2 protein chains.
Amino acid sequence: MTSSVSPQPLPPGEPRWLDAEEQKAWRAWLYSAQLVLDRLDRDLTHRTGISHAYYEILVALSETPERMMRMSELADRCLSSRSRLSHAVSRLEERGWVRRQVCAEDGRGQLAVLTDEGFAALEGAAPIHVEGVRRELFDRLSAEQVQSIRDVGETLLRHLDPDRVP
Amino acid sequence: MTSSVSPQPLPPGEPRWLDAEEQKAWRAWLYSAQLVLDRLDRDLTHRTGISHAYYEILVALSETPERMMRMSELADRCLSSRSRLSHAVSRLEERGWVRRQVCAEDGRGQLAVLTDEGFAALEGAAPIHVEGVRRELFDRLSAEQVQSIRDVGETLLRHLDPDRVP
DNA sequence: CCAGCGTAGTTGAGCGTTGAACTATTCCGC
DNA sequence: GCGGAATAGTTCAACGCTCAACTACGCTGG
């Protein structure tokens, strides 16, 4: 949080407050999302030593043919700022799970490369991760509800980040 | 993230991997939730100087008759650890938005009290907040989709935190 | 009435994130 | 090919969160 408050103008007119039903929908969505994300992250972190953010980095790298990716592409894929990713990759490098390599085609660029040790760490964490996703999400929802989280998610993504929606 | 990895046993049997459809539902849910939460927090923070976490604290206090609440109750309401809330209240105290007061009935307890300045800050931020919630969530979704986020949210909450579901 | 245990809340150290400033390289127009 | 703008990535300082240790108070049984 920054302390610089830009004095942007209020939108014109009276705010469109949420009515009672909208409040309930908003609160249910907010708390459930926060709690699910939090539990998944804690469970994964405590049982494998890999936070959800780090796990996503390892997954992204593992899914490329050469197990390497440009830093900025990786940042985009992981919903991470470049600064955050740079720090994270440094810490993964200290663990020996990722190494940096200058990009041949672009001297400014760096490639993050998943090491064999990193791949092994990912293999160890993946069962814990999928178990968590099932326990906190899929096992609680009916087939219709699973369909609707996908539908809502893709609808929101079309606005938030169109390139990410299939 | 802690470095202490408890060597908990793997669940027996082969992990129940996600199939292609489940992957799509999971990714859509995950990315949309992260992006919506992130945008709301950034927008609120940059336009009002109040992060979403702090906003929730102010809202919780403002909704009580006396604009005060026990620290632990406040922590529960805000999905916060006690330590986190204690730090947050200290920072809100520095801004003059909250003050601490020893609890009359329980000498161990502290009450967080919303000041008039804190209430004014909340009044300033509320229109920005509700505008964000509409822009990122309600304005993108049909009435059926709004119903379904509530339904799914409450279903998940019944498992995650039964007391929070109406 | 006090010892021991449980509860409420705080503190401190370490790690992670943020945003802005910075370096290095490439791209573009002339 | 050269000067300036744009892009890629890193670094730094400030802040926030986590976990564990700690203080302080209340409760309960003997």
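Proteins come first, then strands; the chains are lettered A, B, ... in the order of their sequence lines, and each starts at number 1. Small disclaimer: the values here were computed from a predicted structure and weren't measured.
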In whole angstrom, what separates [X]'s [atom1] from [N]'s [atom2]?
X	N	atom1	atom2	answer
B:Leu92	D:dG16	CG	C1'	12 Å
B:Gln34	C:dT17	CD	C1'	14 Å
B:Arg84	D:dC15	CZ	C1'	13 Å
A:Arg42	C:dC15	CZ	P	18 Å
B:Asp41	D:dC15	CG	C1'	13 Å
A:Asp43	D:dT18	CG	P	16 Å
A:Glu56	C:dT17	CD	P	13 Å
A:Leu85	C:dT18	CG	C1'	14 Å

Counting N and O atoms only, with roles assigned by atom type, does the side chain of B:Thr115 sit under 3.5 Å from a partner on the main chain of B:Gly96, one being a donor and the other an acceptor? yes

Check this for me: does the side-chain of [X] come within 3.5 Å of the base of [N] through a donor and an acceptor?
X	N	result
A:Ser86	D:dT11	no
A:Ser83	C:dT17	no
B:His87	C:dG12	yes

When clusters are formed from ILVMFWY side-chain contacts under 4.5 Å, directly or step by step, what else is grouped with B:Leu111?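 Answer for B:Leu111: B:Met68, B:Val113.
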
State which residues pass side chain to side chain contact (heavy atoms under 4.5 Å, CB included) with [X]; sequence neighbours excluded, sorted by chain then number.
X	answer
B:Asp163	B:Asp161
A:Glu136	A:Val36, A:Arg39, A:Leu40, B:His159, B:Leu160
B:Glu123	B:Phe119

Distances under 3.5 Å between nitrogen or oxygen atoms of protein and nucleotides 1-8 of chain D:
| residue | atom | partner | partner atom | Å |
| --- | --- | --- | --- | --- |
| D:dT7 | O2 | A:Arg108 | NH1 | 3.1 |
| D:dA8 | OP2 | A:Arg82 | NH1 | 3.4 |
| D:dA8 | O3' | A:Arg70 | NH2 | 3.3 |

Review item, side-chain donor-acceptor pairs of residues 75-89 of chain B, under 3.5 Å, at least two apart:
| residue | atom | partner | partner atom | Å |
| --- | --- | --- | --- | --- |
| B:Arg77 | NH1 | B:Glu63 | OE1 | 2.7 |
| B:Ser80 | OG | B:Leu85 | N | 3.4 |
| B:Ser81 | OG | B:Arg84 | N | 3.0 |

About how many Å separate CD1 of B:Ile57 and CG of B:Leu114, when rounded to the nearest 0.5 Å?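 Reported value, rounded in 0.5 Å steps: 11.0 Å.
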
Compare side-chain N and O positions of B:Arg91 against OP1 and OP2 of D:dC17 and report whether any pair is under 4.0 Å apart.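 So the side-chain polar atoms of B:Arg91 do come within 4.0 Å of the phosphate oxygens OP1 or OP2 of D:dC17, strictly under.
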
Between A:Ser81 and B:Glu73, name the one whose nearest nucleotide on DNA chain C is closer to the 5' end.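 Nearest-nucleotide comparison on DNA chain C picks B:Glu73.
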
